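Because the structure is predicted, anything quoted here is derived from the model rather than measured.
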Amino acid sequence: MSLPHAILTALLEKPSSGLELTRRFDRSIGYFWSATHQQIYRELGKLEQAGQIRALPSAQPARGQKKEYEVLPAGREALAAWVARPEDPKQIRDPLLLRMRAAAVVGAPGLDEELRRHLGLHRRQLAEYLEIEERDFPPGRNSEEDRLRHLVLRGGIDLENFWIGWLTRALDGEREPGPASG
């Protein structure tokens with residue numbers, strides 16, 4: 001996934017200024033694709049230059065007034081082409097996993113404390129996702145757009161449950177089971 005695609009997605013959901021996009025990233029897309037304010041503004045400029053978005057005309061031109069952007073047909077086409085393109089899953093790159101591997105070689109002082117800290121972080125993230133699910137996806141909402149957004153959230157919930165279970169087993173000193181045999 002790339003930042004331009006995340007921005008096009010957000011702008012198709014709702015035309016926004018760079019500041020509004022940054023806030024929306026913090027509240028939704030940022031759970032699985034983060035970007036700084038500077039990165040968002042840099043990409044907005046590139047997308048505008050490429051003819052994929054445009055700044056909406058302002059009712060009152062004023063110096064320093066925030067620009068709101070909308071997606072142009074070329075941007076929608078680029079996003080649709082990206083959605084349809086096959087892409088392999090990405091490898092997990094988690095520093096905690098690498099640190100655990102290193103601890104196997106050099107020792108593990110303080111590792112349990114770090115695992116407990118991560119466990120707490122994942123439990124808090126899970127609680128936040130469950131609150132979002134309860135608030136934003138009540139029973140009976142079943143449009144295709146809601147279904148797909150809910151699936152993304154469920155993916156986050158499932159990942160947090162995975163990390164909580166894995167960290168709990170790591171702290172309990174359990175040996176992980178070997179590969180499943182067919």
**Q** Show your working on salt bridge (charged side-chain N to carboxylate O under 4.0 Å, His left out) between Arg154 and Glu133 and close with a plain yes or no.
**A** CA-CA 8 Å; Arg154 287 301 315 173; Glu133 182 178 45; 3.1 Å; yes
**Q** Under the 3.5 angstrom rule, does the side chain of Arg135 hit a backbone N or O of Leu130 as a donor-acceptor pair?
**A** no
**Q** Is there a path of hydrophobic side-chain contacts, each under 4.5 Å between heavy atoms of I, L, V, M, F, W or Y residues, that connects Trp166 with Ile92?
**A**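 In one cluster with Trp166: Ile92, yes.
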**Q** Between Arg149 and Glu145, is there a side-chain heavy-atom distance shorter than 4.5 Å?
**A**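 They are in side-chain contact.
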**Q** Kindly give the heavy-atom pair with the smallest separation between Ala74 and Gly51, and that separation in Å.
**A** CB-O, 3.6 Å
**Q** Kindly write out the residues that satisfy ring-ring contact (aromatic ring centres under 6.0 Å, His included) with His118, not counting sequence neighbours, or none if the list is empty.
**A**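 Per chain and number, His118 pairs via ring-ring contact (aromatic ring centres under 6.0 Å, His included) with no residue.
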**Q** Could you go through the side-chain contact (heavy atoms from CB on, under 4.5 Å) check for Arg147 and Leu151 one step at a time?
**A** CA-CA 6 Å; Arg147 185 184 78 79; Leu151 279 171; 3.2 Å; yes
**Q** Please give me the minimum heavy-atom distance between Ala6 and Trp33, naming the atom from each residue.
**A** CB-CD1, 3.9 Å
**Q** Counting C-beta onward and ignoring hydrogens, is there a side-chain heavy-atom pair between Leu19 and His37 closer than 4.5 Å?
**A** yes
**Q** Can you measure from OG1 (Thr22) to CD1 (Ile40) and round to the nearest 0.5 angstrom?
**A** 3.5 Å
**Q** Taking all non-hydrogen atoms of both residues, which atom of Gly75 and which atom of Leu8 are closest, and how far apart?
**A** O-CD1, 3.7 Å
**Q** With distance as the sole test, does Arg99 use its side chain to make a donor-acceptor pair with the main-chain N or O of Pro95 at under 3.5 Å?
**A**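 Side chain of Arg99 to backbone of Pro95, a donor-acceptor pair under 3.5 Å: no, none is there.
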**Q** Check whether any side-chain heavy atom of Ser17 lies under 4.5 Å from a side-chain heavy atom of Glu20, and answer yes or no.
**A** yes
**Q** Assigning hydrophobic clusters by single linkage (Ile, Leu, Val, Met, Phe, Trp, Tyr; side-chain heavy-atom cutoff under 4.5 Å), is Met100 placed with Leu171?
**A** yes
**Q** Same cluster or not: are Ile132 and Ile164 linked, directly or through other Ile, Leu, Val, Met, Phe, Trp or Tyr residues, by side-chain heavy atoms under 4.5 angstrom apart?
**A**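 Shared cluster, yes.
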**Q** For atom CD of Glu144, is the number of surrounding heavy atoms from other residues, nucleotides or ligands below 6.0 Å larger than 12?
**A**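 Yes - once you tally the heavy atoms of other residues, nucleotides and ligands closer than 6.0 Å, there are more than 12.
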**Q** In Å and rounded to the nearest 0.5 Å, what is the CZ to CG distance from Phe25 to Leu21?
**A**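 Here the interatomic distance stands at 6.5 Å.
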**Q** Just by distance, do the side chain of Thr9 and the backbone of Ile7 share a donor-acceptor pair under 3.5 Å?
**A** no
**Q** Check whether any side-chain heavy atom of Glu43 lies under 4.5 Å from a side-chain heavy atom of Lys46, and answer yes or no.
**A** yes
**Q** Would Leu72 end up clustered with Ile53 when hydrophobic side chains under 4.5 Å apart are linked, directly or stepwise?
**A** no
**Q** Flag the pair Asn161 / His122 as yes when at least one side-chain heavy-atom distance between them is below 4.5 Å, and no otherwise.
**A** no
**Q** I'd like to know whether Glu77 forms a side-chain contact (heavy atoms from CB on, under 4.5 Å) with Gln52, so could you lay out the CA-CA distance, the side-chain angles of the two residues, the decisive distance to 0.1 Å, and finally the verdict.
**A** CA-CA 9 Å; Glu77 289 170 17; Gln52 294 185 0; over 6 Å; no
**Q** Got a donor-acceptor contact below 3.5 angstrom from the Glu134 side chain to the Glu131 backbone?
**A**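 No; judged by distance alone, with no hydrogens or angles, the pair does not exist.
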**Q** Rounded to the nearest 0.5 Å, what separates atom CG in Leu115 from atom CZ in Arg169?
**A**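 That separation rounds to 12.5 Å.
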**Q** Taking all heavy atoms of Arg24 and all of Ala10, pick out the closest pair and write down the distance.
**A**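 Looking at all heavy atoms of both residues, the shortest contact is NH2-O, 2.8 Å.
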**Q** Would you indicate whether Arg101, at its atom CZ, is surrounded by more than 12 heavy atoms from other residues, nucleotides or ligands within a distance under 6.0 Å?
**A**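 No - once you tally the heavy atoms of other residues, nucleotides and ligands closer than 6.0 Å, there are 12 at most.
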**Q** Mind listing the closest non-hydrogen atom pair of Arg54 and Pro57 along with its distance?
**A**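 Looking at all heavy atoms of both residues, the shortest contact is NH1-CD, 4.2 Å.
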**Q** So do Leu3 and Gln39 actually touch side chain to side chain, heavy atoms under 4.5 Å?
**A** yes
**Q** Quick one, Asp136 with Leu153, criterion side-chain contact (heavy atoms from CB on, under 4.5 Å). Give me CA distance, side-chain angles, the key distance, then yes/no.
**A** CA-CA 10 Å; Asp136 293 348; Leu153 178 62; over 6 Å; no
**Q** Rounded to the nearest 0.5 Å, what separation is found between the CG atom of Leu11 and the OH atom of Tyr69?
**A** 9.5 Å
**Q** Same cluster for Leu167 and Ile157 if Ile/Leu/Val/Met/Phe/Trp/Tyr side chains link at under 4.5 Å?
**A**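 Same cluster: Leu167 reaches Ile157 through Ile, Leu, Val, Met, Phe, Trp or Tyr contacts under 4.5 Å.
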**Q** Report yes if some heavy atom in the side chain of Val71 is under 4.5 Å from a heavy atom in the side chain of Leu47; otherwise report no.
**A**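 In short, these two side chains do not touch, never coming nearer than 4.5 Å.
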**Q** Taking all atoms of both residues into account, what is the closest heavy-atom pair of Leu111 and Ala103, and its distance?
**A**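 Taking Leu111 first and Ala103 second, the nearest heavy atoms are CD2-CB, 4.0 Å.
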**Q** Indicate yes or no: at least one non-hydrogen side-chain atom of Arg117 is less than 4.5 angstrom from one of Leu121.
**A**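 They are in contact (side-chain heavy atoms under 4.5 Å apart), so the answer is yes.
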**Q** Parallel, tilted or perpendicular, judged at 30° and 60°: which one describes the rings of Tyr129 and Tyr31?
**A** perpendicular
**Q** Step by step, work out the side-chain contact (heavy atoms from CB on, under 4.5 Å) result for Trp82 and Glu87.
**A** CA-CA 9 Å; Trp82 176 75; Glu87 191 169 319; 3.8 Å; yes
**Q** Between atom OG of Ser28 and atom CZ of Arg23, what is the distance when rounded to the nearest 0.5 Å?
**A** 14.0 Å
